Amino acid sequence: MSLPKLGILPWFLLVILCLCSLCMADVHYYDFFVREANFTRLCNTKTMLVVNDSYPGPEIRVHRGDTVFVNVHNQGSYGFTIHWHGVKQPRNPWSDGPEYITQCPIEPGTNFTYEVILSDEIGTLWWHAHSDWTRGSVHGAFVILPAENETYPFRPPDADQTIILQSWYNEDYLQLIRNSLLTGFAVGTPNAYAINGHLGDTYGCNDTIFRMEVDYQETYLLRIINAAMNEEKFFSIANHTLIVVAQDASYVQRFATDYIMISPGQTVDVLVHADQNIGQYYMVMRNFHDSGAPSNNSITTGIFRYKNSVGGLISNASLVKLPLPDDTNATNSFLGRIRNTRVRQNPRFNVPRRIDRRVYITISTNSIPCSNPECFPLPGRRFVAALNNVSFEFPSVDILQAYYNRSTNGVFTTDFPQEPPEFYNFTGDLAGVNTNVTMGTRAVTLNYGEAVEIVFQATQFGAGGSHPLHLHGFSFYKVGTGSGNFNNVTEPRSYNLVDPPLINTVHVPAKGWVALRFFANNPGVWFMHCHFERHSSWGMDTVFIVKNGATAKTSIRPPPATGMPVCSGA
């Protein structure tokens with residue numbers, strides 16, 4: 001009798017420990033006061049919308065599995081929403097945030113409380129406005145520490161530091177995109193870039209520079225967030241090795257590198273050991289750029305400073321090991337090294353082996369008729385962006401409430417094409433190919449529990465180039481990528497189903513494709529879009545609606561009892 005008891009006891013204790021860890025989950029409360037404030041950069045003072053008078057906004061710092069309530073007070077002059085980027089929000093699309101997708105804007109003089117429900121996310125995420133281009137100034141870090149009974153899957157760092165990479169425009173963010181949508185002209189390149197709100201010392205206007213102070217022989221965890229509007233970034237620290245440990249709130253197999261490449265929307269966690277001669281070293285970033293669109297490829301700097309340093313900088317910013325702006329090989333090499341790791345701190349590994357649904361989506365920049373006399377690129381036509389030749393139109397009331405209340409007529413349809421309407425050489429010469437698109441609010445409907453594969457196919461329409469695609473409500477496995485046109489017979493044979501990275505934003509390579517897999521186990525209405533704001537604003541978006549399962553615990557939660565913001569067009 002004693003032998004079976006010895007076998008049962010550890011299992012019983014494990015269950016108790018798991019239950020206790022759930023009981024230990026905490027609840028946090030934040031107040032976000034969003035209003036205009038003045039900021040001076042590049043010898044120019046501008047007014048922009050920010051949270052709690054800070055740029056970037058306040059950091060949320062909690063533990064895995066916690067719940068966060070954020071009361072957002074709109075003290076500004078126009079409506080907006082907040083999105084909790086990378087938080088899955090199980091069964092709770094009501095607090096996901098994209099404007100006119102899951103909610104109406106929070107209007108001036110009103111407030112709305114988001115309930116942010118954490119599940120298996122661990123590491124670094126972020127939050128940002130999800131209305132027009134407001135996220136350019138309304139954003140901040142969302143740090144998810146190990147639960148009380150957990151540890152890091154590596155030696156705990158001596159300290160951590162958030163690094164937010166940003167775009168800086170002298171003009172008003174909202175006015176920039178409004179002008180672009182009227183004429184089809186692309187919003188120009190930023191006047192500068194910033195690290196944690198500081199432009200550094202390369203722009204010639206005595207702007208402040210971000211300084212991170214470190215102790216010799218200590219190890220630091222850098223939580224790097226790309227909050228730039230339209231630019232993928234290379235990032236490096238002079239004379240120091242970066243150890244990549246996580247991406248998009250999931251741990252990865254650790255590897256050493258001189259640089260990282262990070263797309264807008266993504267987060268990358270790296271360890272840095274302060275093991276060099278005591279001094280001051282540049283941290284630098286600049287764009288990775290592989291399209292025909294204009295780019296500002298200036299270097300932006302911060303300083304990695306050892307305590308008790310004397311004298312000037314040891315490194316020259318222009319000599320720091322950083323790939324050239326068009327170095328596609330450097331980008332592919334870095335991304336190709338990112339692999340899932342089987343550590344107990346990670347979300348349970350659950351990549352679909354067989355799929356129930358494949359959605360094959362082409363990415364393009366097209367044009368439509370335009371009555372404005374200043375239309376671009378041609379008289380009478382303006383740029384739009386599209387997925388499968390559909391350019392997304394935002395409705396005047398939000399899709400989630402229309403779906404939940406079964407009042408979908410005139411709000412959206414469920415006929416988004418699940419493959420390109422026309423097949424051609426997507427990555428080759430497009431002469432003679434029809435460039436027309438249709439405008440519409442068209443969604444994809446998934447059954448609860450379906451194993452889904454999404455294949456994103458880049459095309460050479462417009463300026464071409466790569467794209468960062470983000471899906472709300474889910475993390476997904478990046479199971480394959482390649483150049484040229486996707487072949488649904490041969491390409492799956494090369495998929496990585498052993499250790500694919502689990503991410504929420506994916507780099508789709510120029511003249512290539514990427515394949516993602518996930519289970520549709522989060523009922524709700526979930527936005528999918530390019531995280532280049534110019535493309536999302538032009539219509540490079542769609543919506544995935546995951547139907548309810550058979551039980552209450554596999555169905556959308558009811559809306560908050562306090563109500564949702566009301567659309568002016570309702």
Side-chain angles (χ1 to χ4, degrees), residues 78-81 83 89 91-107 110 112 130-132 134 177-178 180-182 184 357 359 361 364 366-372 382-421 436-448 471-473 520 522-530 535-548 555-560 563-570:
Y78 53 87
F80 62 85
T81 63
H83 169 54
Q89 292 278 29
R91 303 174 44 236
N92 185 36
W94 305 102
S95 283
D96 187 50
E99 186 177 72
Y100 297 117
I101 307 299
T102 63
Q103 71 169 96
C104 302
I106 305 169
E107 295 297 341
T110 68
F112 176 67
H130 216 300
S131 309
D132 297 309
T134 309
I177 188 58
R178 284 179 174 173
S180 174
L181 294 177
L182 281 173
R357 181 90 64 99
V359 186
I361 299 176
S364 60
N366 309 71
S367 63
I368 59 171
C370 172
S371 58
N372 191 304
R382 68 184 275 297
F383 275 136
V384 293
L387 299 174
N388 277 353
N389 285 26
V390 178
S391 188
F392 188 83
E393 287 187 305
F394 286 88
S396 58
V397 297
D398 69 280
I399 293 174
L400 174 58
Q401 292 198 63
Y403 171 71
Y404 188 81
N405 296 326
R406 296 181 173 85
S407 56
T408 62
N409 186 36
V411 179
F412 71 96
T413 60
T414 57
D415 58 348
F416 179 84
Q418 297 187 35
E419 63 178 27
N436 290 333
V437 298
T438 59
M439 309 293 291
T441 312
R442 302 166 69 178
V444 178
T445 302
L446 302 174
N447 296 317
Y448 182 87
L471 175 62
H472 292 216
N522 192 10
V525 173
W526 306 109
F527 197 36
M528 189 190 74
H529 61 98
C530 182
H535 290 163
S536 182
S537 299
W538 282 351
M540 198 176 284
D541 324 285
T542 191
V543 171
F544 280 76
I545 297 175
V546 179
K547 295 180 180 179
N548 287 338
S555 300
I556 299 176
R557 293 174 45 177
M564 297 290 293
V566 177
C567 287
S568 59

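No experiment lies behind these values; they were computed from the predicted model shown. When a residue number appears, it is its place in the shown sequence, counting from 1.
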Backbone N/O of [Y] and side chain of [X]: donor-acceptor pair under 3.5 Å:
| X | Y | answer |
| --- | --- | --- |
| S131 | T81 | yes |
| Q89 | S95 | yes |
| N366 | V437 | no |
| T438 | V390 | no |
| S367 | R382 | no |

Let me confirm one number: the [atom1]-[atom2] distance from [X] to [Y], rounded to the nearest 0.5 Å.
| X | Y | atom1 | atom2 | answer |
| --- | --- | --- | --- | --- |
| H83 | T102 | NE2 | OG1 | 9.0 Å |
| S391 | F383 | OG | CZ | 12.5 Å |
| M564 | L400 | CE | CG | 6.5 Å |
| F412 | D398 | CZ | CG | 10.5 Å |
| I399 | I101 | CD1 | CD1 | 4.0 Å |
| Q401 | Q103 | CD | CD | 9.5 Å |

Near N405 CG, under 6.0 Å, is it more than 12 heavy atoms from other residues, nucleotides or ligands?
yes
Where is the tightest heavy-atom contact between [X] and [Y], given as atom of each residue plus distance?
| X | Y | value |
| --- | --- | --- |
| P523 | S555 | CG-C, 3.7 Å |
| Y78 | T134 | CE1-OG1, 3.7 Å |
| G473 | W526 | CA-CE3, 3.5 Å |
| H535 | A385 | O-CB, 3.7 Å |
| P105 | E99 | CG-OE2, 3.1 Å |
| T441 | P395 | CG2-CD, 4.0 Å |

Taking distance alone, no hydrogens or angles, what donor-acceptor pairs closer than 3.5 Å link side-chain atoms of residues 539-548 to residues at least two apart or in another chain?
residue : atom : partner : partner atom : Å
D541    : OD1  : S536    : OG           : 2.7
T542    : OG1  : R442    : O            : 3.0
N548    : OD1  : I556    : N            : 2.9

Y100 versus C567: any side-chain heavy-atom pair under 4.5 Å?
yes
Does the side chain of V444 come within less than 4.5 Å of M528's, by heavy atoms?
no
Residues which pass side chain to side chain contact (heavy atoms under 4.5 Å, CB included) with P559, listed by chain and number, not counting sequence neighbours
W94, Y404
Listed partners of R178 passing side chain to side chain contact (heavy atoms under 4.5 Å, CB included), at least two apart:
L174, Q175
D415 and T413: side chain donor to acceptor below 3.5 Å:
yes
Do H472 and H529 meet the criterion of a side-chain donor-acceptor pair at a distance under 3.5 Å?
yes
Check the pair S180 / W538 against side-chain contact (heavy atoms from CB on, under 4.5 Å), numbers first and verdict last.
CA-CA 9 Å; S180 174; W538 282 351; 3.4 Å; yes
Please work out which of the three classes, parallel, tilted or perpendicular, describes the rings of F527 and F392, given edges at 30° and 60°.
tilted
